[in-house]
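Contents: one structure, followed by commentary.
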2 protein chains.
Amino acid sequence: MAETEHAVPTEHVHLTHEGMLRAAQLRVTRPRLAVMDALHERPHADTGTVIALVRGRHTNVSHQAVYDCLHALTDAGLVRRIQPSGSTARYELRVGDNHHHAVCRSCGSITDVDCAVGSVPCLHADDPQGFTIDEAEVVYWGLCSVCQDAADDSQDQSPTRTTQPTMEGRR
Amino acid sequence: MAETEHAVPTEHVHLTHEGMLRAAQLRVTRPRLAVMDALHERPHADTGTVIALVRGRHTNVSHQAVYDCLHALTDAGLVRRIQPSGSTARYELRVGDNHHHAVCRSCGSITDVDCAVGSVPCLHADDPQGFTIDEAEVVYWGLCSVCQDAADDSQDQSPTRTTQPTMEGRR
DNA sequence: GCACGTAACTTGAATGTGTCAAGAAAACGC
DNA sequence: GCGTTTTCTTGACACATTCAAGTTACGTGC
């Protein structure tokens with residue numbers, strides 16, 4: 001189980017989150033802070049995971065509230081929503097940089113990938129019939145190191161990894 | 001309503017589809033041919049559209065059969081499944097080339113985009129922590145020419161376009 | 001051409017993610 | 001502190017997709 005990935009005290013994170021909410025002119029509420037904490041602790045978490053994390057450490061929060069929070073935060077640009085094919089919606093605290101994601105076909109784990117080609121990678125599609133493009137979203141599909149090793153070692157031993165659900169969506 | 005986009009007689013297309021099924025060692029059934037016809041006529045159609053098209057010109061086909069066909073065809077590599085964030089699954093007859101998609105934030109229409117950087121574009125992520133990447137999927141987000149014009153002209157006139165449903169998923 | 005075995009389809013129900021709606025609670029500005 | 005507005009709670013709903021059991025029909029061998 002992954003701990004907080006950056007070595008930042010929780011209080012400071014909390015204060016930062018509060019400031020981010022205020023800067024975005026959003027009201028500071030317990031559910032919103034809890035959602036942001038959850039996403040800070042577990043990047044790329046899906047909605048169910050967020051709900052579980054929020055409920056794990058705080059008082060009861062309705063699933064609807066979590067959905068509302070995620071929508072509000074996404075609309076405000078504080079949270080980024082990603083949804084690889086075959087997966088439910090996942091969220092991450094937006095870092096503001098332009099990074100992409102690598103998704104493991106076997107276990108569904110998601111890893112951040114820095115832009116391969118400089119800062120703005122594949123944003124230059126050659127005039128796609130009048131389209132005005134403002135964002136390029138890149139998803140790399142493959143096998144994570146763990147699942148790859150498991151596949152190499154033996155074929156009858158199914159790969160297990162972290163707490164991410166198995167992903168069967170993609171061929 | 002768009003006609004068949006390539007000037008190929010339907011019979012030939014049908015024969016081609018049958019051959020593709022046999023080559024993939026799949027049984028040739030009416031529902032499968034109907035699904036392939038539907039995708040040939042309407043690329044990037046979602047499941048509901050495929051069901052409607054199949055039922056429109058053929059006898060009753062259960063929705064379950066359409067799902068099974070799409071899965072079988074996807075597994076066999078004859079059909080490619082795409083799922084932009086906020087949209088349901090969409091399918092297209094696989095051309096075998098490595099092309100990407102541009103999705104309109106306003107009307108949800110999808111346009112094919114040829115690879116910007118040569119034949120295999122963004123496949124080289126710089127060693128994403130041991131990931132073995134076999135495919136890079138790129139989705140360009142923006143506005144199609146129609147919705148762009150509509151936005152430029154007047155703001156109170158909502159853009160209308162083809163028969164694609166409105167897309168509200170993405171910010 | 002006919003029969004058999006298996007893959008594929010039909011029917012019906014279930015799962016689960018996400019949304020809608022109405023009322024209650026709480027955050028923020030004064 | 002008080003009122004307004006946003007946000008949360010509760011409950012129900014909508015929809016895409018899947019599961020399961022039984023029937024149909026495709027393809028192969030005779």
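Below, chains carry the letters A, B, ... as their sequence lines are ordered, and counting in each starts from 1. The model shown is predicted, which means the values in this text are computed figures rather than measured ones.
Within the 4.0 angstrom heavy-atom criterion, no nucleotide atom of any strand lies near A:A72. Within the 4.0 angstrom heavy-atom criterion, no nucleotide atom of any strand lies near A:R30. A:T88 comes within 4.0 angstrom of the backbone, heavy atoms only, and of no base. Using a 4.0 Å heavy-atom cutoff across all strands shown, B:T29 reaches sugar-phosphate atoms only and no base atom.
Whole-Å rounding puts the B:L70 CG to C:dA8 C1' distance at 14 Å. Taking atom CG of A:L33 as the reference point, atom C1' of D:dT7 lies 13 Å away to the nearest angstrom. As rounded to whole Å, 6 Å separates atom P of C:dG18 from atom OH of A:Y91. Atom P of nucleotide D:dT18 and atom CD1 of B:I51 are separated by 12 Å, given to the nearest angstrom. Spacing between atom CG of B:N60 and atom C1' of D:dT24 amounts to 15 Å, rounded to whole angstrom units. Per the geometry, CG belonging to B:D68 stands 14 Å off C1' belonging to D:dA16, to the nearest Å.
The shortest distance between the side-chain N/O atoms of A:R32 and the OP1/OP2 oxygens of D:dT7 is below 4.0 Å. Put simply, B:R22 has no side-chain N or O that comes within less than 4.0 Å of OP1 or OP2 on D:dC26.
A donor-acceptor pair under 3.5 Å links the side-chain atoms of B:R32 to the main chain of B:R27, judged by distance alone. Side chain of A:Q83 to backbone of B:G86: a donor-acceptor contact under 3.5 angstrom is found.
The base of D:dT6 is paired with the side chain of A:R27 by a donor and an acceptor separated by under 3.5 Å.
Comparing B:Y67 and B:L26 by the nucleotide of DNA chain D that holds the closest heavy atom to each, the one mapping nearer the 5' end is B:Y67. Map A:H63 and B:H71 each onto its nearest nucleotide of DNA chain D; the residue landing nearer the 5' end is A:H63.
Between the CZ atom of A:R105 and the OG1 atom of B:T132 there is a distance of 11.5 Å, given to the nearest 0.5 Å.
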